[in-house]
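Structure record follows, encoded as C-alpha cells.
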Amino acid sequence: MSAQHVAVEPPGAGFWWKLRHGPKRELWFAWAVMVVFYNLYGLLFFVVTRVQPPPSPGWDTATIAHWVNDHHFGILAGFSVVFLVAGMCGPMNALLAYSMLRMSVSRVFAYSYMIMYALSAIPGMLVMAIAITVAALRPDRDPELIVWLYDLAFLSFSGTMGVFLVGSLVWMLAILIDKNRVFPKWFGYLNLCNALTEVVVAPAWIFQRGVFAWNGAIAWWINVIVFGIYTVVFITLLRRLIGREEFGTGPLPDLPPKADQLAQPTGGGR
C-alpha cells in the first residue's frame with residue numbers, strides 16, 4: 001500500500017500555490033474569504049448603498065423619505081450583492097473557531113463563539129439590508145412606514161451589539177488562559193477594547209442627536225476606528241497563525257525564516 005502523498009510547502013511558495021496545493025489550503029481559503037468579505041463589506045456599505053456613515057436619526061419624515069428615494073438604485077444593487085455574499089461568514093467563523101480549538105482551552109469556547117458569530121450576521125448585516133431594501137423597493141409607500149423601516153434598519157445595525165460584546169469577551173478569555181501561544185496576550189486586551197465599544201453604542205436607542213446618537217462621535221466614529229484597527233490586527237494574526245501551524249496540539253512554533261533570510265550569511269570570516 002502506497003503512502004498518501006502530502007504536498008510539502010517549498011520555501012518562498014506564493015499564496016496561490018498555498019491555496020491550491022499546500023497542506024494548509026483549507027485554512028488559507030478561509031483566510032482569503034475573510035479578506036475578500038471585509039473589503040466587499042466596506043465597498044458595499046460605504047460606497048454603493050451609502051448607509052455608512054449612517055444618516056441622522058433626527059431627520060423628519062420628508063427628509064428620510066427623500067434620502068431613501070435618492071439612494072434607491074445603490075440600495076437595491078448593493079444589498080442584492082450583500083445577500084449573495086452573506087454565506088462567506090461561514091468559512092470566516094470556522095477559521096476563528098479553529099484558532100480557539102488550537103488553544104489549550106475547552107472546546108466550549110470555540111463552539112460558543114462560532115454560534116454567536118453565526119447569529120451576529122442577522123443584526124450586524126441582514127436586518128439592515130432587508131429593512132432598507134423593503135423601504136426602497138416601493139417609493140410610493142406610506143412615508144410613515146418608510147420611517148419605521150429606516151429606524152429598524154439603523155437601530156438593528158448600531159443598537160444590537162450585545163452578541164459582539166459577548167463574542168469579544170469569549171475570545172479575550174480564551175486568549176488570556178491559553179498556553180499554546182496561539183495569539184499574543186496583548187490581543188486579548190484588544191478584544192476587551194472592542195467589547196467596550198459595543199457598550200457605549202447602547203444609548204443609540206435613546207438619543208437622536210449628539211455623540212451617543214447612532215451617527216455620533218462615540219456611538220459610531222470612535223467605534224469604527226477601534227473596530228477597523230481590531231479587524232486589521234486579527235486578520236494579520238490569523239495569517240501568522242496559519243503560517244506557524246504544524247497541526248500539533250502543543251505550543252505553536254515560531255514562523256520559519258523566509259528563503260531570502262536562509263540565503264544570508266550568518267557571520268564569520270572566510
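Sequential numbering from 1 along the given sequence is applied to the chain's residues. Please read all numbers here as calculations on a predicted model, not as lab measurements.
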Is there a side-chain contact (heavy atoms from CB on, under 4.5 Å) between Val36 and Leu40? Walk through the geometry before answering. CA-CA 6 Å; Val36 171; Leu40 281 176; 3.9 Å; yes
Identify whether [X] and [Y] are in the same connected component of the hydrophobic contact network (ILVMFWY, side-chain heavy atoms under 4.5 Å).
{"X": "Val108", "Y": "Leu173", "value": "no"}
{"X": "Phe157", "Y": "Val147", "value": "yes"}
{"X": "Met128", "Y": "Val48", "value": "yes"}
{"X": "Leu101", "Y": "Met172", "value": "no"}
{"X": "Phe234", "Y": "Val232", "value": "no"}

Give every residue pair that meets the salt bridge (charged side-chain N to carboxylate O under 4.0 Å, His left out) criterion with at least one member in residues 87-111, sequence neighbours excluded. Arg102-Glu245, Arg102-Glu246
Taking every non-hydrogen atom, the tightest pair across [X] and [Y]:
{"X": "Pro91", "Y": "Gly87", "value": "CD-O, 3.5 Å"}
{"X": "Leu155", "Y": "Ala204", "value": "CD2-O, 3.6 Å"}
{"X": "Leu165", "Y": "Ala195", "value": "CD1-O, 3.3 Å"}
{"X": "Ala219", "Y": "Asn223", "value": "O-ND2, 3.2 Å"}

How about [X] and [Y]: do any of their side-chain heavy atoms sit closer than 4.5 Å?
{"X": "Cys89", "Y": "Phe37", "result": "yes"}
{"X": "Lys24", "Y": "Phe247", "result": "yes"}
{"X": "Val182", "Y": "Ile175", "result": "no"}
{"X": "Phe164", "Y": "Tyr117", "result": "yes"}
{"X": "Trp28", "Y": "Arg239", "result": "yes"}
{"X": "Val85", "Y": "Val81", "result": "yes"}

Can you tell me how far apart [atom1] ([X]) and [atom2] ([Y]) are? Round to the nearest 0.5 Å.
{"X": "Glu144", "Y": "Tyr150", "atom1": "CD", "atom2": "OH", "value": "14.0 Å"}
{"X": "Met34", "Y": "Leu95", "atom1": "CE", "atom2": "CG", "value": "5.0 Å"}
{"X": "Asn93", "Y": "Met116", "atom1": "CG", "atom2": "CE", "value": "10.5 Å"}
{"X": "Leu145", "Y": "Arg138", "atom1": "CG", "atom2": "CZ", "value": "10.0 Å"}
{"X": "Leu252", "Y": "Phe183", "atom1": "CG", "atom2": "CZ", "value": "9.0 Å"}
{"X": "Tyr111", "Y": "Ser106", "atom1": "OH", "atom2": "OG", "value": "9.5 Å"}

Can you name the residues that form a side chain to side chain contact (heavy atoms under 4.5 Å, CB included) with Ala86, not counting sequence neighbours? Met125, Leu126
Those residues at least two apart in sequence (or on a different chain) that pass side chain to side chain contact (heavy atoms under 4.5 Å, CB included) with Val134 are Ile130, Arg141, Leu149
Side chain to side chain donor-acceptor pair (under 3.5 Å) partners of Tyr41, counting only residues at least two apart: none
What residues, two or more places apart in sequence or in another chain, satisfy side chain to side chain donor-acceptor pair (under 3.5 Å) together with Ser80? none
Per-pair distances, 0.1 Å, donor-acceptor, side chain in residues 49-56, under 3.5 Å, sequence neighbours excluded:
| unit_1 | atom_1 | unit_2 | atom_2 | d |
| --- | --- | --- | --- | --- |
| Thr49 | OG1 | Leu44 | O | 2.8 |
| Thr49 | OG1 | Phe45 | O | 3.4 |
| Gln52 | OE1 | Trp220 | NE1 | 2.7 |
| Ser56 | OG | Gly58 | N | 3.0 |

Evaluate Asn191 against Tyr230 for side-chain hydrogen bond (donor to acceptor under 3.5 Å, both in side chains), listing each step before the verdict. CA-CA 8 Å; Asn191 271 273; Tyr230 174 74; 2.6 Å; yes
Applied to residues 164-175, the side-chain hydrogen bond (donor to acceptor under 3.5 Å, both in side chains) test, sequence neighbours excluded, yields Ser168-Asn194
side-chain hydrogen bond (donor to acceptor under 3.5 Å, both in side chains) partners of residues 172-190, not counting sequence neighbours, each pair once: Ser104-Asp178
For residues 65-77, run the donor-acceptor check on the side chains, cut-off 3.5 Å, and write out each pair with its distance to 0.1 Å, sequence neighbours left out.
| unit_1 | atom_1 | unit_2 | atom_2 | d |
| --- | --- | --- | --- | --- |
| His71 | ND1 | Trp67 | O | 2.8 |
| His72 | ND1 | Ala136 | O | 2.7 |

Chi angles and distances behind the side-chain contact (heavy atoms from CB on, under 4.5 Å) call for Asp142, Ile146: CA-CA 7 Å; Asp142 182 354; Ile146 291 178; over 6 Å; no
Donor-acceptor pair, [X] side chain versus [Y] backbone, under 3.5 Å?
{"X": "Thr63", "Y": "Trp59", "value": "no"}
{"X": "Trp31", "Y": "Ile235", "value": "yes"}
{"X": "Arg244", "Y": "Asp254", "value": "no"}

For Ile132 and Phe154, what are the C-alpha separation, side-chain angles and deciding distance, and is it a side-chain contact (heavy atoms from CB on, under 4.5 Å)? CA-CA 9 Å; Ile132 290 293; Phe154 288 101; 4.1 Å; yes
Contacts of type ring-ring contact (aromatic ring centres under 6.0 Å, His included), residue Phe212, not counting sequence neighbours: Phe207
Partner residues of Tyr98 under the ring-ring contact (aromatic ring centres under 6.0 Å, His included) criterion, sequence neighbours left out: none
Determine, step by step, whether Tyr113 and Leu96 satisfy the side-chain contact (heavy atoms from CB on, under 4.5 Å) criterion, reporting the C-alpha distance in whole Å, the side-chain angles of both residues, the deciding distance to 0.1 Å, and the verdict. CA-CA 8 Å; Tyr113 185 92; Leu96 295 173; 3.7 Å; yes
Just grab all the ring-ring contact (aromatic ring centres under 6.0 Å, His included) pairs involving residues 127-147, residues at least two apart or on different chains. none
